[in-house]
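Structure first, commentary second.
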Amino acid sequence: MASLHCCRHLFRLLARQTRHCSQISARCTGWHDTKLYQEKTCLKQFIKCFHEINANSKKFSTSCATHSSKNIVDDHENWKNQPTSFTNRTHLCGGLSSSDVDQSVTLCGWVDRSSKLFLKLYDWTGQVQIIVPDDMVKMVTSLDRESVVEVKGTVKMRPEHQRRPAVCSGEIEILPSEIKVLNSCDSQVPFYPTCVSYNKVTSDVKMEHRYLDIRSVQMQKILRLRSSFIMKAREFLCNNHGFVDVETPTLFRKTPGGAKEFLVPTRHKGRFYSLPQSPQQFKQLLMIGGIDRYFQIARCYRDETQKPDRQPEFTQLDIEMAFTSQTHIMRLIERLLHHCWPPEAGILPDTFPVMTYDQALRDYGIDKPDTRFDMKLKDLSDVMSGCGVELLEQAETVTALRIPDGQKYFSNKDLDILCKPINEDNKTKIITAKINNPEDWKSSISKNLSINMPTGHQGAITAGFWRYRSFVCRQREISSKFFEVLGKKRLATATHLEQKGLTIRNANDYNIFWVVDFPLFLPKEDEDGKLVQGCVESAHHPFTAPVDDDLELVYSDPTKVRSQHYDLVLNGNEIGGGSVRIHDAKLQKYVLSEILKEDTSELNHLLTALGMGCPPHAGIALGLDRLFAILSGVENIKDVIAFPKSYMGLCPMSKAPSSLSESDLTRYHLIQKS
């Protein structure tokens with residue numbers, strides 16, 4: 001132990017002498033993060049670097065000469081506590097330990113609680129205990145909770161029986177020489193972010209007073225996780241792979257098709273801007289312009305129905321590359337996530353698994369399946385073809401969802417609730433069956449099934465269903481809607497079993513994979529979700545390129561065309577999506593005008609640019625809010641956004657959106673209807 005302290009002391013001396021030598025700093029940045037057994041090796045490397053550069057002192061003599069010894073010491077202290085640089089405080093509340101005993105410190109933070117004996121001060125790193133001297137008792141006890149104070153004093157060890165080694169700054173306390181109130185707090189605080197009852201505060205109250213909520217440990221961790229992840233992403237893309245960070249406009253023109261956009265009135269009568277739902281067109285134009293590696297932390301806007309995983313404005317990591325392919329983009333994102341992935345979130349696979357769109361639908365009923373639990377769908381169409389039950393024999397497909405030991409956890413009432421018909425899909429019929437053994441099939445169809453089924457067929461069906469509750473679905477026509485019904489039932493089943501106390505989905509697991517080979521077009525739906533006969537719409541967006549082998553089908557049978565689109569799925573959530581783009585102007589115009597029946601005049605600028613030497617290109621966008629929600633273990637993405645909107649798209653804190661005055665309405669040529 002003594003030799004270890006000597007090594008650390010020598011390191012500090014060398015660090016002070018070479019503080020302004022960037023070469024040494026760069027090679028030894030990881031010193032303070034190393035484990036004990038690595039310290040001597042790291043120190044040897046440091047000394048070697050020091051001697052190498054000291055041999056040619058001209059490289060850094062100028063910078064050293066301009067700093068006094070006092071400045072060098074100050075720089076070292078700031079290097080040790082970087083978050084306090086350029087501030088009045090010397091340390092953070094949760095960053096003090098027994099190694100700081102007898103040091104003079106200046107702390108700033110918020111009052112957690114106070115008494116005649118102690119004052120608890122906190123900031124984003126944790127709490128520290130301040131001893132209250134007799135001459136400060138009156139002032140301290142008059143402090144309102146959440147007041148902002150500055151404390152100057154000396155670090156002391158706590159009495160042994162008060163030490164809490166597992167807590168930040170839990171072994172020490174501060175003997176203050178001065179306590180200065182920087183700002184008092186109104187006593188009418190709706191909640192206290194450090195209080196035990198914080199978790200019981202409703203979401204509406206937290207959002208209305210978001211500035212208080214941000215002081216909580218949870219919000220501090222989330223926002224700092226966001227910052228760290230984005231910083232690492234910038235480092236990976238810019239420094240390691242030569243990407244160019246380009247800011248694209250947020251005032252644009254309306255884009256045909258896709259999600260609904262927010263409109264922005266202007267002083268030009270009858271003319272409106274539109275807030276972009278993504279920088280899609282701009283990043284393609286950048287590829288045409290020769291910025292062959294683009295990225296942006298982009299703000300995007302969609303005026304659509306709100307859900308727990310959606311917000312009217314959101315953030316995505318937007319990436320585009322020229323002269324690349326689907327495989328290259330997928331490998332890039334895998335390496336990017338490895339670089340940025342928080343260590344506490346576990347280890348990602350070197351290469352992410354790949355699942356086709358058809359496989360996802362047939363096995364899980366959804367194109368973004370949660371694979372943390374098995375419970376796959378099973379196709380029984382062949383077996384049921386001669387079962388003797390007309391309802392099943394005439395179905396285009398018969399698919400079952402198996403629930404292990406389902407009879408233990410599902411009452412008849414539970415099944416009735418779970419099997420309520422899906423309004424938008426009246427072609428799907430759900431039948432439940434309780435199967436204890438091959439001879440004991442309890443269902444509304446069991447009587448006819450047992451009499452008329454050909455020899456051996458019942459055993460074939462029930463062999464995989466021993467002690468299962470099952471849903472047997474039949475469908476007159478195979479469609480994504482049919483699989484979607486079972487996909488929803490599968491997820492609802494997992495939720496029901498978890499409510500019964502079973503562990504179905506492990507929150508600490510991160511199952512990540514790619515989904516590929518999506519259809520390029522889907523049947524078009526109106527605003528009520530009903531199909532529009534004879535019309536199709538883009539499965540993702542109209543700029544996605546078809547699979548090369550399906551190019552001819554674009555002109556003959558568009559509904560059978562596969563796209564070069566790829567989604568990244570994590571724990572049943574789509575966290576990213578991208579595609580190879582159409583770079584041929586003629587093909588793009590044909591898709592827009594002939595297949596999607598869109599007015600191409602609104603995209604003339606893009607079609608013209610595509611005809612001026614557009615390189616092949618592809619890209620992707622990662623939904624950062626959704627990703628951080630998963631990493632933080634929260635259900636709603638508003639919990640990982642500093643100032644989110646409510647379910648209705650409103651801001652409870654500022655009461656936005658607000659009404660306009662008559663003069664504003666006149667300025668923008670608007671008329672408000674009663």
Q | Backbone of I214 reached by a side-chain donor or acceptor of Q220 within 3.5 Å | A | yes
Q) Is it true that F518 and Y357 have ring centroids separated by less than 6.0 Å? A) yes
Q | Heavy-atom closest contact (L650 atom, P657 atom, distance) | A | CD2-CD, 3.5 Å
**Q.** Minimum-distance pair of heavy atoms, taken over all atoms of K283 and E320
**A.** CE-OE1, 3.1 Å
Using atom types as modelled, flag every donor-acceptor pair under 3.5 Å from a side chain in residues 566-580 to any protein atom, sequence neighbours excluded.
unit_1: Y566; atom_1: OH; unit_2: S579; atom_2: N; d: 3.3
unit_1: Y566; atom_1: OH; unit_2: S579; atom_2: O; d: 3.2
unit_1: Y566; atom_1: OH; unit_2: G619; atom_2: O; d: 2.9
unit_1: D567; atom_1: OD1; unit_2: H565; atom_2: NE2; d: 2.6
unit_1: N571; atom_1: OD1; unit_2: N511; atom_2: N; d: 2.8
unit_1: N571; atom_1: ND2; unit_2: D509; atom_2: O; d: 2.9
unit_1: N573; atom_1: ND2; unit_2: N571; atom_2: O; d: 3.0
unit_1: S579; atom_1: OG; unit_2: T544; atom_2: OG1; d: 3.4
unit_1: S579; atom_1: OG; unit_2: R581; atom_2: NH1; d: 2.8

Q.
Parallel, tilted or perpendicular, judged at 30° and 60°: which one describes the rings of Y198 and F191?
A. tilted
Q: Under the salt bridge (Lys or Arg N to Asp or Glu O under 4.0 Å) rule, collect the residues that match up with D245, sequence neighbours excluded.
A: R234
Q. According to the ring-ring contact (aromatic ring centres under 6.0 Å, His included) rule, which pairs have a member within residues 625-656, sequence neighbours left out?
A. F229-F628
Q.
Would the distance check show the side chain of S274 and the main-chain N or O of P276 forming a donor-acceptor pair, the cut-off being under 3.5 Å?
A. no
(Q) Taking the basic N atoms (NZ, or NE/NH1/NH2) and the acidic carboxylate oxygens, is any pair closer than 4.0 Å for D303 and K260? (A) no
Q. Do you see a donor-acceptor pair shorter than 3.5 Å between the side chains of Q588 and Y590?
A. no
Q. Using 30° and 60° as the class limits, which term best fits the ring planes of F236 and H241: parallel, tilted or perpendicular?
A. tilted
Q) What orientation do H209 and Y211 show, parallel under 30°, tilted 30 to 60°, or perpendicular over 60°? A) perpendicular
Q | Pair D204-T202, side-chain donor/acceptor within less than 3.5 Å | A | no
Q.
Tell me whether S538 contacts the main-chain N or O of H540 through its side chain, where contact means a donor paired with an acceptor under 3.5 Å.
A. no
Q. Is the cationic atom of R224 (NZ for Lys, CZ for Arg) positioned less than 6.0 Å from the six-membered ring centroid of W124 and within 45 degrees of its normal?
A. yes
Q. Between K645 and E313, is there a side-chain N and carboxylate O pair less than 4.0 Å apart?
A. yes
Q. Any Lys/Arg nitrogen of R226 or D625 sitting under 4.0 Å from an Asp/Glu carboxylate oxygen of the other?
A. yes
Q. What residues form a ring-ring contact (aromatic ring centres under 6.0 Å, His included) with F243, not counting sequence neighbours?
A. none
Q. Hey, what do you get for CE (M612) to CG (L285), rounding to the nearest 0.5 Å?
A. 11.5 Å
Q: Could you tell me whether K524 and E537 make a salt bridge, using a distance below 4.0 angstrom between a side-chain N and a carboxylate O?
A: no
Q. Who passes side-chain hydrogen bond (donor to acceptor under 3.5 Å, both in side chains) against T495, sequence neighbours left out?
A. R505
**Q.** Note: K232-E235 ion pair, threshold 4.0 Å (strictly below)
**A.** no
**Q.** Face-on cation placement of R490 at F373 ring, 6.0 Å and 45° thresholds
**A.** yes
Q) K269: what forms a salt bridge (Lys or Arg N to Asp or Glu O under 4.0 Å) with it, not counting sequence neighbours? A) none
(Q) Testing the basics here: between K597 and E594, what is the closest heavy-atom pair and its distance to 0.1 Å? (A) NZ-O, 2.9 Å
Q. Would a distance-only check, ignoring hydrogens and angles, find a side-chain to backbone donor-acceptor pair under 3.5 Å from H669 to R267?
A. yes
Q. Charged N to carboxylate O under 4.0 angstrom, D584 versus K586?
A. no
